[in-house]
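Take a look at the structure below.
This is a predicted model, so every value here is computed, not measured. Hydrogens, waters and symmetry mates play no part in the numbers below; they use all other heavy atoms, side chains included. All chains are named by letter (A, B, ...) in the order of the sequence lines, taking the proteins before the strands, and each is independently numbered beginning at 1.
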Protein chains: 2
Amino acid sequence: MPAARKPSPLPAHPASLANVVDTVDTSFLETLMGYNARRASLAIVEVFMVRMAPYGLRIVDFSVLSLVGRNPGITSRQLCGTLGVLPPNLVGIVGQLEKRQLLARQPHPHDGRATGLHLTPQGQTLVAHAEATAAELELEATARLTAAERRTLMRLLQKIYRPEPA
Amino acid sequence: MPAARKPSPLPAHPASLANVVDTVDTSFLETLMGYNARRASLAIVEVFMVRMAPYGLRIVDFSVLSLVGRNPGITSRQLCGTLGVLPPNLVGIVGQLEKRQLLARQPHPHDGRATGLHLTPQGQTLVAHAEATAAELELEATARLTAAERRTLMRLLQKIYRPEPA
DNA sequence: TATTGTTATACTCTATAACTATA
DNA sequence: TATAGTTATAGAGTATAACAATA
């Protein structure tokens with residue numbers, strides 16, 4: 001059966017009657033973009049968590065390491081702004097990764113308040129493998145999509161969350 | 001600038017150098033479907049929460065009321081299965097909605113262990129307004145999409161999270 | 001005066017164990 | 001024995017307030 005476009009009509013049964021539900025009708029919720037986006041997001045996130053577990057990385061850990069790898073010297077504030085994590089909550093995340101010797105802090109060249117973050121050699125190795133796994137996992141989690149559909153989906157999703165392009 | 005398809009190459013700078021990041025490069029994360037789906041989902045959810053606040057409904061409350069409205073007599077277990085909420089966590093949700101007299105419990109006709117849930121007249125009125133608001137909000141949150149793009153996006157998202165159709 | 005990084009803490013959400021009543 | 005609903009509780013994630021050091 002293809003995706004229902006229209007929700008079922010509201011049931012005519014009075015609320016006082018004792019009804020039994022055979023199969024749950026979710027057709028209305030399925031007309032909502034938020035419902036579909038959330039369900040799809042959770043489905044991918046689930047696969048992501050499983051595949052990152054062997055590296056001992058949660059999604060936020062992966063995101064931090066990947067961003068530090070591609071932005072050597074990035075500050076905690078910049079990470080917070082990019083990932084939507086509040087500063088007090090990033091402290092522990094960075095602290096753990098530092099304790100695992102995956103990243104290191106270095107004094108910021110121009111700003112004595114800030115600290116620049118860099119990957120250690122171990123961090124570089126780990127993030128390279130983790131990013132390769134993430135790229136593989138992409139295809140796995142969207143296995144029912146063609147390459148063209150994948151590109152289309154990516155573009156439409158970005159149209160939702162990205163600010164109006166200049 | 002259009003959506004970047006390819007991530008930037010890894011920086012050549014050694015990790016021991018003190019670098020400064022001007023603008024954060026997120027191009028790799030943006031190649032990941034999970035990242036895009038999560039960002040888009042959060043963007044919509046944010047609007048959803050704001051627009052549901054006047055009704056005193058969180059997203060899960062809205063989902064429960066909408067499902068009960070379209071599935072009179074639905075049980076807690078069925079709600080849990082549909083929404084991915086664990087039974088102990090649904091107790092408080094249903095309890096609050098019952099206390100607000102938006103829904104009522106009735107004995108299940110065939111199963112003495114179960115309880116059928118029904119909307120009260122107040123619940124029916126509230127959910128009708130909330131669903132109308134949700135439908136409006138859909139267009140608001142996806143304002144940069146055409147109607148055709150919205151249908152395409154919906155279909156592709158469902159292709160990700162829905163089990164293989166029979 | 002504003003900002004970076006931090007501590008302490010509170011609140012919400014999610015998860016687990018165990019109980020009761022019924023099937 | 002298994003299931004529906006419930007209680008109590010633990011854990012993760014997310015939020016606010018306040019502080020020291022630096023701009």
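Dashed line: the shortest gap from a side-chain N or O of A:Arg105 to OP1 or OP2 of C:dT6 is under 4.0 Å. In this model, the phosphate group of C:dT22 is not approached by any side-chain N or O of B:Arg77 to a distance below 4.0 Å at OP1 or OP2.
One can place CD of B:Gln106 at 17 Å from C1' of D:dA4, the figure rounded to the nearest angstrom. In this entry the distance linking CD1 of B:Ile93 with P of C:dA15 reads 12 Å, nearest Å. With rounding to whole Å, B:Leu83 atom CG is found 15 Å from C:dT14 atom C1'. Whole-Å rounding puts the B:Ile74 CD1 to D:dG5 C1' distance at 15 Å. To the nearest angstrom, C1' of C:dT22 lies 13 Å from NE2 of B:His108. The nearest whole Å value for the distance from the CE atom in B:Met49 to the C1' atom in C:dC13 is 13 Å. Atom CD1 of A:Ile59 and atom P of D:dA12 are 16 Å apart (whole Å). Taking atom CG of A:Leu90 as the reference point, atom P of C:dT6 lies 9 Å away to the nearest angstrom.
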As a quick check of understanding, evaluate salt bridge (Lys or Arg N to Asp or Glu O under 4.0 Å) for B:Arg51 and B:Glu140, giving each step before the final call. CA-CA 11 Å; B:Arg51 300 288 243 98; B:Glu140 190 181 315; 2.8 Å; yes
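Within a 6.0 Å radius of CZ in B:Arg38, other residues, nucleotides and ligands contribute 12 heavy atoms or fewer.
For B:Leu86, counting side-chain heavy atoms from C-beta on, the closest listed nucleotide (C:dA15, D:dA15, D:dG5) is C:dA15. With C:dT14, D:dG5, D:dA23 as the candidates, the nucleotide lying closest to the side chain of B:Thr115 is D:dG5. Checked against D:dT6, D:dA2, D:dT14, the side chain of B:Val91 finds its nearest nucleotide in D:dT6. Checking C:dA23, D:dA17, D:dG5 against the side-chain heavy atoms of B:Arg113 singles out C:dA23 as nearest. For A:Asn89, the side-chain atoms get nearest to D:dA15 when compared with the rest of D:dA15, C:dT4, C:dC13.
Using bins of under 30°, 30° to 60° and over 60° for the plane-to-plane angle, the ring pair A:Phe48/A:Phe62 lands in the perpendicular bin.
One hydrophobic cluster, built from ILVMFWY side chains closer than 4.5 Å, holds both A:Tyr35 and B:Val45.
In plain terms, the two heavy atoms of B:Leu156 and A:Glu149 that are nearest each other are CD1-O, 3.6 Å.
Mapping B:Thr75 and A:Gly84 onto DNA chain D via the closest heavy atom, the residue that lands nearer the 5' end is B:Thr75. Nearest-nucleotide assignment on DNA chain D puts the 5′-proximal partner with A:Pro88, out of A:Pro88 and A:Gly112.
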